[in-house]
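Got a structure here, written out as structure tokens. Questions coming.
All residue numbers in this chain count up from 1 along the given sequence.
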Amino acid sequence: MEKRNGGRIEENKEKWVHDASVDYKGRVPLRASTGVWKASLFVLTIEFSERVSYFGIASNLISYLTKVMHEDLSTASKNVNYWSGTTTLMPLVGGFVADAYTGRFYMVLFSSFVYLMGLSLLTMSQFIPSLMPCNTKMCQQPRKVHKVVFLLALYCISFGTGGYKPCLESFGADQFDDDHLEERKKKMSFFNWWSFALCFALLLGATVVVYVQDFVSWGVATLILAILMALTVIAFCVGKPFYRYRRAEGNPLTPILQVLIAAIRKRNLTCPSNPALLHEVPESERSQGRLLSHTNRLRFLDKAAIIEEKRIEQKYNPWRLATVTRVEETKLVLNIIPIWLTSLTVGVTVGQGQTLFVKQAAATNLKISHSFKIPPASMASVTAVGTLIAVPIYDRITVPIMRKFTGNERGISILRRISIGMALSVIVMVVAALVEGKRLRMATHEVLTVGETRHETMSVVWLIPQYLILGVGDSFSLVGLQEYFYSQVPDSMRSLGMALYLSVLGVGFFLSSFLIIIVDRVTGKTGNSWIGKDINSSRLDRFYWMLAVINALVLCVFLLVIKRYTYKTDQRRAIETDCCKSDGVEMVA
């Protein structure tokens, strides 16, 4: 009889998804007809078009600001970093609102409207005569109204990205059930293939879109992007019946504040030696999310879960008594802080690929043949190629091999993967410094040709190694950070978790601008600024060496931090058993 009941329970778990998600009618989702890749592909489609638009604009923005807006290199670099930083910090707002109030699906729909409005304004600024930079093909001074509309369009795209980025990836990952072994393995691959698709979008944006911008017009390029975005938004809506939805659970920061206040109120109490004596809600009574196992880090917070004998008969007050799960969720958030701080240099390194690397490429010989010339911004496609090569190799070859040696479902732990990417960022800056030093020496070297003397110009091929290593590094650091900030935050904060990942890039871009300002002011006092009016009068090689040293020092600190890090410990009831465990997962029979 017990075997028969157990079989029915397992059959029920296999048929229905019991992970607190619902289908589009608010019911428990049917596993066979919802979720996994058939649902996440719709999400991936709209993310792909958004990234093509973003990379197509971001890759060539510095060229537009210097050639059309006539800004100098330092000002243009700072403006690109400000915009990129805002674009990657806005998801903190969008992620919070989605987790607390709207849910991810409706935040994506709202963001689609704002993003499309930005692309439409950008298109109008290129086609409507009164909004165009000027009436002539070559502009000496663009109209102020063009600057205003152009910047308004860019920051509409930033606001749209604020809802897209934290919600789309977490919504896509929500389509996989963590309590189902096969779906859990698919989720681990999801982050790899998500980044693979985004790099393909980067490749398309940095080549086809940039080529249209440089050799046809910005207007035609933005019109194509707006149409593509509109079509993918429609496709996203078509997939509505296939999605699994998570209900908004209210302000995700309130439970953390409750734990901190409860722990402070009971600061004079002594934690029990047996964690089982701490307060926890039975799993059968828990409506959403999963129970977390107790950890021995930050023991002071455990006091929030101590049951006071004198108040045992009183009504449960979350500001005085917290569950072990709430305490562990608070520990997770506090553990994230040192990881977030030490990974900011990843954003600084990525920022160079969108700014100074582009101007570096523009100062080289871009001709591949007598008839074909590469747009400088298209060199970012080499970064995409590096990631496109590295991700499948890592997912299909490295992970299965490492699983056998480490016993970890991921092959290597998330933080180890990030540290490899950070080590490669040091190598990127070293290579960039060496190449830039050689380019400057060649630029000052005069070559005698028939009837004239000219300066020698380096071939753009010399820049391929730094772009390629940057792409391979991204496959470790950026993909690792995505998975870390999704899996190591409380279940109720996953949109906010993806926003925290993006804020690494956003704050990194702002730090890059700050470093440019400081370095320009300090070195400018000697009369020879490292970042001058143009790239040939600058000393970017020294700036790159400085970044290499900073990255190396921060990497050492990061390795010390992860040595003592404790992963999230889920009390997971898997449908199947497996010899491998994921980071911090406790398998419960």
Side-chain angles (χ1 to χ4, degrees), residues 17 19-24 26 29 35 39-40 43 46-47 50 87-112 114 158-178 187 190-191 194 236 243-260 286-292 318 322-323 325-337 339-340 481-506 568 570:
V17 180
D19 66 347
S21 61
V22 295
D23 64 10
Y24 75 109
S40 58
V43 184
I46 191 171
E47 173 71 357
E50 187 275 328
T87 304
T88 44
L89 284 177
M90 281 306 299
L92 286 171
V93 178
F96 175 82
V97 173
D99 280 340
Y101 306 109
T102 65
R104 287 154 201 160
F105 178 78
Y106 290 105
M107 177 57 72
V108 170
L109 289 183
F110 172 75
S111 301
S112 300
V114 178
S158 289
F159 281 110
T161 305
Y164 264 147
K165 289 304 294 175
C167 296
L168 277 172
E169 188 168 3
S170 54
F171 187 60
D174 286 345
Q175 306 309 311
F176 301 88
D177 181 7
D178 273 323
K187 178 183 277 192
F190 168 79
F191 290 102
W194 181 273
F236 177 74
Y243 301 140
R244 297 172 187 171
Y245 303 83
R246 296 293 181 107
R247 293 190 178 98
E249 298 183 35
N251 190 337
L253 301 180
T254 300
I256 295 171
L257 187 60
Q258 288 173 339
V259 169
L260 293 175
R286 188 168 176 83
S287 59
Q288 291 192 349
R290 292 167 293 169
L291 297 179
L292 300 182
T323 63
T325 293
R326 290 299 190 196
V327 170
E328 291 304 318
E329 287 176 345
T330 305
K331 290 180 183 180
L332 287 175
V333 174
L334 295 178
N335 282 337
I336 281 171
I337 294 172
I339 301 297
W340 185 87
L481 285 168
Q482 288 172 40
E483 189 170 0
Y484 172 79
F485 283 107
Y486 179 85
S487 64
Q488 296 302 307
V489 298
D491 291 355
S492 61
M493 293 178 61
R494 281 179 166 172
S495 295
L496 201 54
M498 297 313 302
L500 286 171
Y501 151 68
L502 291 163
S503 71
V504 168
L505 299 178
K568 183 178 182 179
D570 298 341

#### Entry: Glu329 vs Ile256 side-chain heavy atoms within contact, under 4.5 Å
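Side chain of Glu329 against side chain of Ile256, heavy atoms only: no contact under 4.5 Å found.
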### Message
Looking at every non-hydrogen atom in both residues, tell me the closest pair between Leu253 and Asn251 and how far apart they are.
### Response
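Shortest heavy-atom contact: N-OD1, 2.9 Å.
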### Query
CZ/Arg494 to OG/Ser487 distance, rounded to the nearest 0.5 angstrom?
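OG of Ser487 is found 8.0 Å from CZ of Arg494.
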Identify every side-chain donor-acceptor pair in residues 94-107 under 3.5 Å, counting partners at least two apart or on other chains, and give the distances.
residue: Asp99; atom: OD1; partner: Arg104; partner atom: NH2; Å: 3.3
residue: Asp99; atom: OD1; partner: Ser495; partner atom: N; Å: 3.4
residue: Asp99; atom: OD1; partner: Ser495; partner atom: OG; Å: 3.2
residue: Asp99; atom: OD2; partner: Ser495; partner atom: N; Å: 3.3
residue: Asp99; atom: OD2; partner: Leu496; partner atom: N; Å: 2.9
residue: Arg104; atom: NE; partner: Ser495; partner atom: OG; Å: 2.6
residue: Arg104; atom: NH1; partner: Asp174; partner atom: OD1; Å: 3.3
residue: Arg104; atom: NH1; partner: Asp174; partner atom: OD2; Å: 2.1

### Task
Using side-chain hydrogen bond (donor to acceptor under 3.5 Å, both in side chains) as the criterion, list what pairs up with Gln175, not counting sequence neighbours.
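By the side-chain hydrogen bond (donor to acceptor under 3.5 Å, both in side chains) rule, Gln175 matches no residue at all.
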### Query
What residue among Tyr243, Phe190, Phe176, Trp194 forms ring pair (Phe, Tyr, Trp, His ring centres under 6.0 Å) with Phe171?
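Checked Tyr243, Phe190, Phe176, Trp194 against Phe171; only one passes ring pair (Phe, Tyr, Trp, His ring centres under 6.0 Å): Tyr243.
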### Query
side-chain hydrogen bond (donor to acceptor under 3.5 Å, both in side chains) with Ser503: which residues, sequence neighbours excluded?
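Expected list: Trp340.
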### Query
Does the pair Val333 and Met493 meet the rule for a side-chain contact (heavy atoms from CB on, under 4.5 Å), with working shown?
CA-CA 10 Å; Val333 174; Met493 293 178 61; 4.1 Å; yes
### Query
Taking only residues two or more places apart in sequence or in another chain, which ones pass side chain to side chain contact (heavy atoms under 4.5 Å, CB included) with Pro255?
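Pro255: side chain to side chain contact (heavy atoms under 4.5 Å, CB included) contacts with Gln258, Arg326.
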### Query
For Glu483, which residues count as a salt bridge (Lys or Arg N to Asp or Glu O under 4.0 Å) partner, sequence neighbours excluded?
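Applying salt bridge (Lys or Arg N to Asp or Glu O under 4.0 Å) to Glu483 gives Arg410.
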### Query
Once you round to the nearest 0.5 Å, how far does CG of Leu168 lie from CZ of Phe236?
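That separation rounds to 6.0 Å.
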### Query
What pairs with Tyr164 under ring-ring contact (aromatic ring centres under 6.0 Å, His included), at least two apart in sequence or on another chain?
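ring-ring contact (aromatic ring centres under 6.0 Å, His included) check on Tyr164 returns Tyr115.
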#### Entry: Set of residues satisfying side-chain hydrogen bond (donor to acceptor under 3.5 Å, both in side chains) with respect to Thr87, sequence neighbours excluded
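For Thr87 the side-chain hydrogen bond (donor to acceptor under 3.5 Å, both in side chains) partners, ignoring immediate neighbours, are Ser158.
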### Message
Run the side-chain hydrogen bond (donor to acceptor under 3.5 Å, both in side chains) test against Lys187 and tell me which residues pass, sequence neighbours left out.
### Response
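Partners of Lys187 under the side-chain hydrogen bond (donor to acceptor under 3.5 Å, both in side chains) test: Asp178, Tyr486.
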### Task
Please say whether more than 12 non-hydrogen atoms of neighbouring residues, nucleotides or ligands are located less than 6.0 Å from OH in Tyr245.
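Result for OH/Tyr245: enclosed.
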### Query
Is there a side-chain contact between Asp177 and Arg244, using heavy atoms and a 4.5 Å cut-off?
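Yes. Closest side-chain heavy atoms under 4.5 Å.
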### Task
Scan residues 161-173 for pairs that pass salt bridge (Lys or Arg N to Asp or Glu O under 4.0 Å), counting only residues two or more places apart or in two chains.
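Counting only pairs at least two positions apart or across chains, the salt bridge (Lys or Arg N to Asp or Glu O under 4.0 Å) contacts touching residues 161-173 are Glu47-Lys165.
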### Message
Could you tell me if the side chain of Tyr484 sits less than 4.5 Å from the side chain of Ile336, heavy atoms only?
### Response
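Result yes, sub-4.5 Å side-chain heavy-atom pair found.
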### Task
For Pro29 and Asp23, work out which heavy atoms get closest and say how close.
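Residues Pro29 and Asp23, closest heavy atoms: CG-N, 3.8 Å.
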### Query
Rounded to the nearest 0.5 Å, how far apart are CG of Leu500 and CG of Leu481?
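Output value for this atom pair is 11.0 Å.
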### Message
Rounded to the nearest 0.5 Å, what separates atom OG1 in Thr325 from atom CG in Leu292?
### Response
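Going from OG1 on Thr325 over to CG on Leu292, the span is 5.0 Å.
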### Query
What are the two closest heavy atoms between Ser170 and Pro166, and how far apart are they?
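Closest heavy-atom pair between Ser170 and Pro166: OG-O, 2.6 Å.
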